[in-house]
Undergrad: 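Below is a structure I'd like to ask you about.
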Amino acid sequence: MKVDLHTHSLASGHAYNTILEIAKDAADKNLEAVAITDHGPALGFVQYPNYFHVLRRIPDELFGVRILKGCEANILDTEGTIDIGEKVQRRLDLVIAGLHVIPGFPRDLGPEGNTAALVKAIDKNRIHIISHPFRPGFPVNIKKLFSACQARHVLLEINLSVLRDELDNEMVVANTKELVDLALENKAKLVINSDAHFISEVADDSILKELSFKVPPEIVLGVGGYKEVAEFLADK
Ligand SMILES: [Zn+2]
Ligand SMILES: [Zn+2]
């Protein structure tokens, strides 16, 4: 991996490194860019919105690595409301959004209901990436979600942390395969992210070798380097 667009720092409250440590680790791993995407306030984050507001004071480059300032926002309801406002969204280099277990979000929507909430979220907000679109508890209709994301220039994520935890989960593996096939058929891109909560996880994609199918590099954003990522981000 040359870029990792989804990592968590101490500010998430349940991750264990500073931004400086993440940047240094990314440099040691020869990454061109790393995104710091701490959780939005619905997951217990303190000092909202000030933290995200001031985030841009961090230099754009640390140890020779491009540092992208982002957030992993939470989808709050079936109307696709997310937990960071428009002003904060505009101040960030990238916005990831995903379904998490948070108070108030229904857990029994099923694939069509979850998909509808995600599609409404990308319609209403400046979202670049949908994190872990398939995980236990939040099934989605991958085909429908893929089409909606393609139409709105939003990328779906292969989340390496979910894959590592759920390698025995048939739904997760089957959905990953379906997503790869859809990207290939449509000559579309996906994004592969670590969702690291500790630096040993940053850019560690070794779990992909455990899959019975390959994820071809031509469908992965940023395989050639940061330039392609910058173009994608500048599109919104
Ligand atoms: Zn997440
Ligand atoms: Zn995350």
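Start at 1 and go down the list; that is how both ligands and their atoms are numbered.
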Undergrad: Using 2.8 Å as the threshold, say whether any N, O or S atom from His197 sits that close to the Zn ion (ligand 2).
TA: no

Undergrad: Does the side chain of Leu10 reach to within under 4.5 Å of the side chain of Asn17, using non-hydrogen atoms?
TA: no

Undergrad: From His6, does some N, O or S atom reach closer than 2.8 Å to the Zn ion (ligand 1)?
TA: no

Undergrad: What orientation do His6 and His132 show, parallel under 30°, tilted 30 to 60°, or perpendicular over 60°?
TA: tilted

Undergrad: Can you tell whether the side chains of Lys187 and Glu218 come within less than 4.0 Å, N to carboxylate O?
TA: no

Undergrad: Indicate yes or no: does Glu112 engage Lys144 in a salt bridge with an N to O separation below 4.0 Å.
TA: yes

Undergrad: State whether a side-chain donor-acceptor pair under 3.5 Å links His14 with His39.
TA: yes

Undergrad: When you measure from the Zn ion (ligand 2) to each N, O or S atom of Asp195, which atom gives the shortest distance?
TA: OD1

Undergrad: Tell me whether His132 has at least one N, O or S atom under 2.8 Å from the Zn ion (ligand 1).
TA: yes

Undergrad: Do you know which N/O/S atom name in Glu72 is closest to the Zn ion (ligand 2)?
TA: OE1

